[in-house]
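Indexing begins at 1, ligand by ligand and atom by atom, following the structure's order. The first residue of the sequence shown is numbered 1, and numbering continues consecutively from there.
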Amino acid sequence: MTDTTLNRHLIPGRAGMLLAELGDRAVCCDLYDKAGAPVYHDLAGQDTHEVRELLTLVRAVPGPVLDLAAGSGRLTMPLLASGRHVTALELSGSMLKLLDARLAGAPEALRNRCTTVQADMSHFALGRKFGVIVLGTTSVSLLDAPGRKGLYHSVHAHLAPGGRFLLSTVDLAAGGKALAETEVEFTADSGRRYRMFEYWVPGAEARTVTVFPAVIGDGQVDVCTTSIRVLSADQLEEELRQSGFAVCSRSLLPDIGMRHHSVLIEAQVTA
Ligand SMILES: C[S@@+](CC[C@H](N)C(=O)[O-])C[C@H]1O[C@@H](n2cnc3c(N)ncnc32)[C@H](O)[C@@H]1O
């Protein structure tokens, strides 16, 4: 989704001001579309957040793994490296292309254990069951209420007996400081430097993440943005119960350096 459909005037805070200063030079894109996907992939390259905790829970349950909203494989690759068969489901063709390229460069034994599928996690039918279904990186927050209902229904239908559904969310209330906007600047593996803004007013339904290049040269400036719902662990656990799941565990993940913690929820089918 590029500027024609993304409303740049909705980007709040200092990120919105920076965008206004750049004027026509700024081209807004969705963080997961053709222009945004390489930026997300670059940013995700160094991010090992929640990987260790997810792998610990996955190891306890046998069977193939379904990685939902797999993106360019930040979680898929370590799941494969742990010896599991993994199906990586992702909506964005641009993200899947990055994952396919990553797999092409991986050892054959690992590549052969991976299947990639372009599909919507809120409505999928893969015709097989999985020991574990993973939805990490707080990606459940990308779905609206009907979308989450469809997600739970699809996950329910794809879990093998005794299987687990592992999903993470952001607990802004638990770790929150009062600041509406945070800004971090960092250098990705590629050597490129980025400024990432996250805007959230306590109580608001969504937070906005906007990524600029840290060094603004002449000419066009690609600005990537995404809006993410704020869904508490309590709310998700209630939704899971209503969709036929029992919650087995909830754990607070280590601070990720911004203003919030993630929470990892483990659920299994009850009915
Ligand atoms: C925060 S990224 C997480 C990617 C990867 N799991 C990671 O840890 O880096 C969210 C991903 O969800 C994908 N996505 C968004 N809506 C989706 C949907 N309805 N079905 C499947 N994937 C979706 C996006 O394209 C993006 O790749």
Measuring from non-hydrogen atoms of [X] to any atom of ligand 1, is the shortest distance under 4.0 Å?
{"X": "A70", "result": "yes"}
{"X": "A119", "result": "yes"}
{"X": "G136", "result": "no"}

What are the atoms of ligand 1, with element, lying closer than 4.0 Å to any heavy atom of [X]?
{"X": "M95", "answer": "27 (O)"}
{"X": "S92", "answer": "25 (O)"}
{"X": "L143", "answer": "19 (N)"}
{"X": "G71", "answer": "4 (C), 27 (O)"}
{"X": "S139", "answer": "1 (C), 2 (S), 3 (C), 10 (C)"}
{"X": "D120", "answer": "18 (C), 19 (N), 20 (N)"}
{"X": "L142", "answer": "10 (C), 12 (O), 15 (C)"}
{"X": "M121", "answer": "17 (C), 18 (C), 19 (N), 20 (N), 21 (C)"}

**Prompt:** Taking it one step at a time, do Y194 and F212 satisfy ring pair (Phe, Tyr, Trp, His ring centres under 6.0 Å)?
**Reply:** CA-CA 6 Å; Y194 297 96; F212 293 79; over 10 Å; no
How far is [atom] from its nearest protein heavy atom, and which residue and atom name does that atom have?
{"atom": "atom 2 (S) of ligand 1", "answer": "Y40 OH, 3.4 Å"}
{"atom": "atom 8 (O) of ligand 1", "answer": "T137 OG1, 2.5 Å"}
{"atom": "atom 23 (C) of ligand 1", "answer": "L91 CB, 3.6 Å"}
{"atom": "atom 4 (C) of ligand 1", "answer": "A69 O, 3.3 Å"}
{"atom": "atom 1 (C) of ligand 1", "answer": "Y32 OH, 3.2 Å"}

**Asked** Could an N or O of ligand 1 be found under 3.5 Å from any N or O of R74, whether backbone or side chain?
**Response**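 Yes; at least one N/O pair falls below 3.5 Å.
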**Asked** Looking at ligand 1, does any of its N/O atoms fall within less than 3.5 Å of an N/O of E90?
**Response**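 So ligand 1 has an N or O lying under 3.5 Å from an N or O of E90.
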**Message:** If I compare all heavy atoms of S232 with all of T169, which pair ends up nearest, and what's the gap?
**Reply:**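 So the minimum-distance heavy-atom pair works out to C-CG2, 4.2 Å.
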**Request:** Kindly determine whether D100 and L103 satisfy side-chain contact (heavy atoms from CB on, under 4.5 Å), including the steps that lead there.
**Result:** CA-CA 5 Å; D100 284 337; L103 288 167; 4.3 Å; yes
**Message:** When you measure from the side chain of E50 to the backbone of T137, do you find a donor-acceptor pair of N or O atoms at a distance under 3.5 Å?
**Reply:** yes
**Message:** Between H41 and A37 (side chain of the first, backbone of the second, donor and acceptor by atom type, cut-off under 3.5 Å), is there such a pair?
**Reply:**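 Judged by distance alone, no pair lies under 3.5 Å.
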**Request:** Start with the C-alpha gap between V51 and R74, add the side-chain angles, then the distance that decides, and say whether side-chain contact (heavy atoms from CB on, under 4.5 Å) holds.
**Result:** CA-CA 9 Å; V51 172; R74 188 182 76 87; 4.0 Å; yes
**side-chain contact (heavy atoms from CB on, under 4.5 Å) between R102 and S72, intermediate numbers included** = CA-CA 8 Å; R102 217 168 160 180; S72 55; 4.3 Å; yes
**Message:** Under 4.0 Å between a side-chain nitrogen and a carboxylate oxygen: does that hold for E205 and R229?
**Reply:** no
**Request:** May I ask you to decide whether D144 forms a salt bridge with K149, counting only side-chain N to carboxylate O separations under 4.0 Å?
**Result:**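 Judged by the 4.0 Å cut-off on N to carboxylate O distance, D144 and K149 do not form a salt bridge.
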**Asked** Y32 vs Y40 aromatic rings, parallel, tilted or perpendicular, using cut-offs 30° and 60°?
**Response**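 Perpendicular, since the angle between the ring planes exceeds 60°.
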**Parallel, tilted or perpendicular: rings of F165 and F245 (30°, 60°)** =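 F245 and F165: tilted rings.
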